[in-house]
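See structure below.
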Number of protein chains: 2
Amino acid sequence: MIDLHSGVPRHLQLAAQLRSRIIAGVYAPSDLLPSETRLSQEYGVGRGTVRRAVSLLRAEGLVDAASGRGTRVREPVELRRESVPRGAIIQARMPTPEERASLGIPEGVPVQVVTVGGRLRGVYPANQFELTTA
Amino acid sequence: MIDLHSGVPRHLQLAAQLRSRIIAGVYAPSDLLPSETRLSQEYGVGRGTVRRAVSLLRAEGLVDAASGRGTRVREPVELRRESVPRGAIIQARMPTPEERASLGIPEGVPVQVVTVGGRLRGVYPANQFELTTA
DNA sequence: AAATATTTGTCCGTATGTATC
DNA sequence: CGATACATACGGACAAATATT
């Protein structure tokens with residue numbers, strides 16, 4: 001459960017427990033997590049604390065929440081492999097809000113930017129692509 | 001300022017304004033942002049809303065906050081260029097908390113993981129390295 | 001050196017809105 | 001329409017780290 005006096009923030013403790021349950025398959029892909037109110041009661045923490053914990057899992061891409069529907073464990077996605085030419089420069093960073101909107105990138109997912117000779121070659125969301133050198 | 005009835009969440013409005021001020025150089029690298037209480041008063045929103053806005057900027061790697069000290073605009077750093085061999089696979093992701101601690105990675109900074117033939121070759125914090133194909 | 005003030009971090013309770021069932 | 005569930009937002013309280021006097 002949650003140790004209220006361990007010094008470790010409760011939302012981190014809760015996030016860790018939910019995370020390990022997801023990885024262990026207790027909550028399997030496409031499963032709904034218990035509602036925020038349920039978690040709040042079961043773990044004896046406020047709902048705000050639950051939301052903070054869940055928001056971490058969302059940022060890690062583990063779950064996906066929607067109003068009215070619940071919070072669902074995300075299906076693992078197959079990564080597409082994209083080949084980059086020799087001499088390319090590959091830089092990772094967090095996407096701008098505009099990139100997130102236009103590319104449909106979820107929270108907490110970085111992008112890899114490929115440039116060749118100073119010219120932009122592509123922006124690859126890390127939840128969809130891995131890069132390989134030609 | 002903040003439009004309380006535009007339908008756009010206030011923390012997003014505030015984040016957008018702070019973000020554009022940072023990019024415009026109104027808040028320059030190493031500058032402190034106004035304190036959360038100041039921002040809360042100036043923009044007429046609650047402190048929780050301010051914290052949500054700032055936390056977005058932290059996740060984007062734009063600013064860095066510390067207890068007692070304040071929230072500082074991050075310095076852009078010179079990137080070291082690291083060469084990866086042909087056939088390597090480069091995957092970007094957010095670091096685990098353990099990696100952040102051991103590698104000293106600030107918030108909002110992704111890492112690039114290089115594997116060759118399934119064997120791990122290196123983990124490169126994106127605020128220090130850019131990769132190039134050999 | 002010590003006390004005080006400032007600033008961020010955590011947590012709670014409550015209220016209201018919006019989407020879904 | 002009502003019940004459920006997530007989203008936004010406020011206020012208050014206290015702790016922890018840092019800065020200031």
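Lettering of chains follows the sequences in order, A, B, ..., and the numbering in each one begins at 1.
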When you measure from the side chain of [X] to the backbone N and O of [Y], does any donor-acceptor pair fall under 3.5 Å?
X        : Y        : result
A/Thr115 : A/Gly118 : no
A/Gln17  : A/Met1   : yes
B/Thr71  : B/Asp64  : no
B/Arg86  : A/Ala134 : yes

For this session: With heavy atoms under 4.0 Å as the rule, sort B/Arg58 into base, sugar-phosphate or nothing.
Result: sugar-phosphate
From [atom1] of [X] over to [atom2] of [N], roughly how many Å is that when rounded to an integer?
X       : N      : atom1 : atom2 : answer
A/His5  : D/dA15 : NE2   : C1'   : 13 Å
B/Leu14 : D/dA9  : CG    : C1'   : 13 Å
A/Asp64 : D/dA5  : CG    : C1'   : 14 Å
A/Leu32 : D/dC6  : CG    : C1'   : 12 Å
A/Glu36 : C/dT18 : CD    : P     : 18 Å
B/Leu39 : C/dT6  : CG    : C1'   : 14 Å
A/Gln13 : C/dC11 : CD    : C1'   : 13 Å
A/Leu12 : C/dG9  : CG    : P     : 12 Å

Seminar exercise, completed: Residues of residues 42-53 of chain B with a heavy atom under 4.0 Å from any atom of DNA chain C, listed by number, are B/Arg47, B/Arg51
Exercise. Quick one: is A/Thr37 getting a side-chain N or O under 4.0 Å of the D/dT4 phosphate, OP1 or OP2?
Worked result: no
For this session: For the residue pair B/Asp3 and B/Gln13, establish whether any side-chain heavy-atom pair is separated by less than 4.5 Å.
Result: yes
Exercise. Less than 4.5 Å apart, any side-chain heavy atom of B/Thr132 and any of A/Ile90?
Worked result: no
For this session: Can you tell me the pairing partner of C/dA2 across any strand shown, Watson-Crick or G-U wobble, with both distances under 3.5 angstrom?
Result: D/dT21
Exercise. What heavy-atom pair brings B/Pro29 and B/Glu75 nearest, and what distance separates the two atoms?
Worked result: CB-OE1, 3.7 Å
Exercise. What are the two closest non-hydrogen atoms of A/Ala15 and A/Leu57, and how far apart are they?
Worked result: O-CD2, 3.9 Å
For this session: List for me each residue that meets ring-ring contact (aromatic ring centres under 6.0 Å, His included) alongside B/Phe129, sequence neighbours excluded, and say none if there are none.
Result: B/Tyr124
Problem set entry | Given D/dC6, C/dC12, C/dG9, the nucleotide with the shortest approach to the side chain of A/Arg10 | C/dC12
Exercise. From the list D/dT8, C/dC11, D/dA5, which nucleotide is the closest neighbour of the side chain of A/His11?
Worked result: C/dC11
Short heteroatom pairs, N/O only, protein and nucleotides 18-21 of chain D, under 3.5 Å:
none

